[in-house]
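Counting starts at 1 for both ligands and their atoms, in listed order. If you're wondering where the values come from, they're calculated on a predicted model, not measured in any experiment. For reference, positions follow the sequence shown, starting with 1.
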Amino acid sequence: MNTTFNSLLTRVDHILASSKSPLQEICDLLKEEVPHYNWVGFYLMNHKEQVLELGPYAGAATEHIKIPFGRGICGQVAAGGQTLVVQDVQAEDNYLACSIETKAEIVLPIYREGQLVAQLDIDSHALNPFTAEDQLFLDTVCAKVARFF
Ligand code: SME
């Protein structure tokens, strides 16, 4: 992994070990430090009601506080359980727009003890911004935060 992502993982570890609101701080950190991450947030899986519920986030307020499983990119990850990388949201039919500035999105599932418990959602104002390095980095972040859900 590149040095920026490596040093961010060290800071994530520090936040997880010491912060009173680690999930919020991690959203703030990723949004501030990675130029192509313009909205960073967690959605929590509510299996009983089959909806995703917005958790801590950094970036513009969103109307998508609750998302039914199956709807939008996040809802598809809730239903399918696997990461979705959308490099151009205009090319995606099942997409819920948060901001007209958003051009791309990555949504990663967060598993705790084999259960899909949450998601990490990142919107970008850039087109085609996400690399395999992003995915590796964000997978590692998801594994680290899983015990907080
Ligand atoms: N675009 C997402 C909705 C959540 S916002 O990006 C914060 C989707 O299609 O699921």
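Side-chain contact between Trp39 and Thr62: present, with at least one pair of heavy atoms (C-beta onward) separated by less than 4.5 Å. In this structure the side chain of Leu84 never reaches within 4.5 angstrom of the side chain of Glu92, judged on heavy atoms.
A side-chain N or O of Tyr37 and one of Asp134 form a donor-acceptor pair less than 3.5 Å apart. Asn6 and Thr3 share no donor-acceptor pair across their side chains, judged by distance under 3.5 Å alone.
Below 3.5 Å of separation, one finds no N or O of Gly75 facing any N or O of ligand 1. Considering backbone and side-chain atoms alike, Cys74 places an N or O below 3.5 Å from some N or O of ligand 1. Polar contact with ligand 1: present for Glu105 (N/O pair, distance under 3.5 Å). Residue contacts with ligand 1: His64 is placed with no nitrogen or oxygen under 3.5 Å of a nitrogen or oxygen of the ligand (distance criterion only).
Not one N or O on the side chain of Ser124 forms a donor-acceptor pair closer than 3.5 Å with the backbone of Ala104. Formation of a donor-acceptor pair under 3.5 Å by the Gln135 side chain with backbone atoms of Phe130 is not found in this model.
In this structure, Tyr43 has a heavy atom closer than 4.0 Å to ligand 1.
Near Ile73, meaning under 4.0 Å from any of its heavy atoms, are these atoms of ligand 1: 8 (C), 9 (O), 10 (O). The Asp121 neighbourhood of ligand 1 comprises atoms 4 (C), 5 (S), 6 (O), 7 (C), with distances under 4.0 Å to a heavy atom of that residue.
In this structure, the protein non-hydrogen atom closest to atom 7 (C) of ligand 1 is Cys98 SG, 2.6 Å. For atom 6 (O) of ligand 1, the closest non-hydrogen atom on the protein side is Asp123 OD2, 2.9 Å. The protein heavy atom nearest to atom 3 (C) of ligand 1 is Leu96 O, 3.6 Å.
Between Leu120 and Ile110, the shortest heavy-atom distance links the atoms N-CD1, 3.9 Å.
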